[in-house]
Novice: 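After the structure tokens below, expect a handful of questions from me.
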Amino acid sequence: MKRSGRPSTTFDKINATFMVLLSATMLFPFLYIVAGSLSSGTAILQGRVSIFPVEFTWVNYQAVFKNAAIWNSFGVTAFVTVVGTFFNLLLTSLMAYGLARKELRGRTLIMLAIIFTMIFPAPLIPSYLLVKSLGMLNSLNALIIPSAISAFNLIIMISFFRGLPDGLLESARIDGAGEYRTWLSIAIPLSLPSITTIGLFYAVNHWNSYFAAIIYIRDPKLYPLQVKLRQLLVENDAEQMMQAVEVNLSSLEGIKMATIIVATLPILFIYPFIQKHFIKGSMLGSIKE
Amino acid sequence: MHKNYFLKHWALYSMILPGVVFFIIFKYIPLMGSIIAFQDYNVFKGIWDSSFVGLKHFDNLFAYPEFYRVLKNTILISLYKIIFGFPAPIILALLLNEIRKMAFKRTIQTVIYLPHFLSWVIVGGLVINLLSPNYGILNELLRYFGFEPIFFLQEPGYFRSIIVVSGIWKEVGWSTIIFLAALAGVNPDLYEAAEMDGAGRLRKAISVTLPSIMPTVVVLLLLRIGDFLDLGFEQVYMLLNPLVKSTGEIIDTYIYEVGLLGAQFSYTTAIGIFKSIVGLILIVGANELSKRYTDHSIY
């Protein structure tokens, strides 16, 4: 771009200032919660916390880590995220590979049927009754199997497989490789960045999923993290947690903030990986074709 | 002949089989199960033995004032979301596009995409914290300037604005991606030609950039209109409480509470069908209008 040669104008300065302010708006709530989670209860309640901890303490995090129910829901969510994402990727990439191939007759019809489910989704109650009649109520299967393929992610993956050079797949077959072999040792490795990105999307969805769990799960032992978190934040479950630690520094508010941070850390941890693949916007750009 | 074709390509067909079975079981069977909207569905009798009642539940739907309130809330929140939330990422993408220092641009992008990856439970928690009348930063500011603190989350008048603003906060950065991709595809020759004609930056933005990304804008707007009644359950449910139900209860939360918790299966399935049909009409209608007036369409 030749633009970099020009001197910056008033507009550039205003624009840059606006961007900095906008970023501050995006970051501020986090910093505030981090600071609060490390501050004493009185400091929070007196409104003395902004983005730096006041009367620094770890006591809120101790309360979170001493809570068996939070550990348990962490485990549930980790399991659903790992197993669920693997299952998502397996089914999605198999189907995408098949539908990307011109040899597969009837693929236009199947594509239309898939797109139709996006425009005209089934209502909630019949979906719930189906999961119930399959005996999956109150089991983690209900959080994995009914969301095995996202039509949106499937379509993105098809467009990627279609973009692979025909010659490569052809030569693999001439060498005597079957379809499954070509899928596993050529198509997937060649589109690894995009498959990773889609895997991260699925993983984030599992990690953040709340609705499916409150519909299908009744047993508190199987509550995923988001359900537990919501109970703490909104339904004031935090009181018992306070009793586990020194009362003079901890507070309901501080414990809630610490729980928010603990539940967000894994997302913040994988964020750089997602970011790496997505910053150019190349992936979503290619769906338009 | 046909048989041979399948035999030759059996491996390919076996690959799509699990996916096809998935879509049939989890998307199409519930769609057929929507037939309970025309029954007085009874859990013990099941779908085969429950009696058919025709359009009774659809009649009820339009007879209940409760439903109109819920529909009105859904329409208003959705409308505000489109009016304020749809143009926001387009404007933001255009502004980002004007930044010349790549490192600065990337840093900004990294920060503004981040909220997209937080769950609605977390975002709800952040909103509750920021708006708390006791220690929330917003009320601290009000107090500082000598105002009385406001119980934001208990005032029906604030609920819709809170939903719209927190929704924009979470998604605006992420939504710029697709527009930035469209912007990156604009032919540089067009800018050069415009420069030769003496066009300034604003002129170029209006006469070159905007028309170039118009197809993307129109397609996304059409898809958004198709989702008009689909506000998403989680965001609203997280902040909903009995004091703000009058302005905050939407179709999705109503179906959950009345249908699932209240076991009114047939009635709420009728609402679900109503929602999907409205969505279909809106997307087809908007697409036709768009074809006629803008030459852009989804299909």
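Quick note on labels: first sequence line is chain A, next is B, and so on, each numbered from 1. Predicted model only: the values in this text are computed from it and were never measured.
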Novice: Nearest 0.5 Å, what's the CZ-CD distance between R48(A) and E140(B)?
Specialist: 11.0 Å
Novice: Hey, could you give me the NZ/OG distance between K256(A) and S132(B), rounded to the nearest 0.5 Å?
Specialist: 8.5 Å
Novice: Looking at every non-hydrogen atom in both residues, tell me the closest pair between E234(B) and Y210(A) and how far apart they are.
Specialist: OE2-N, 3.2 Å
Novice: Nearest 0.5 Å, what's the CD1-CE distance between I112(B) and M19(A)?
Specialist: 6.5 Å
Novice: What part of F265(B) is in contact with chain A, defined as an atom under 4.5 angstrom from a non-hydrogen atom: side chain, backbone, both or neither?
Specialist: both
Novice: Using every non-hydrogen atom in the two residues, find where I137(B) and Y32(A) come nearest and quote the distance to one decimal.
Specialist: N-OH, 4.2 Å
Novice: Give the minimum heavy-atom separation between L233(A) and G125(B), together with the two atoms involved.
Specialist: CD1-CA, 3.7 Å
Novice: If you compare all heavy atoms of L12(B) against all heavy atoms of G98(A), which two are closest, and at what distance to 0.1 Å?
Specialist: CD2-CA, 4.0 Å
Novice: Taking atom types as modelled and ignoring hydrogens, do the side chains of S14(B) and Y180(A) form a donor-acceptor contact shorter than 3.5 angstrom?
Specialist: yes
Novice: Measure the CE-CD distance between M15(B) and E179(A) for me, rounded to the nearest 0.5 Å.
Specialist: 6.5 Å
Novice: Please find the pair of heavy atoms, one from L130(A) and one from I25(B), that lie closest to each other, and give the distance.
Specialist: CD2-O, 3.2 Å
Novice: Of all heavy-atom pairs between L31(B) and P123(A), which one has the smallest distance, and what is that distance?
Specialist: CD1-CD, 4.4 Å
Novice: If we define contacts as heavy-atom pairs under 4.5 Å, which of L261(B), L92(B), N139(B), L239(B) has the most with chain A?
Specialist: L92(B)
Novice: Once rounded to the nearest 0.5 Å, what's the spacing between atom OG1 of T269(B) and atom CD1 of I125(A)?
Specialist: 5.5 Å
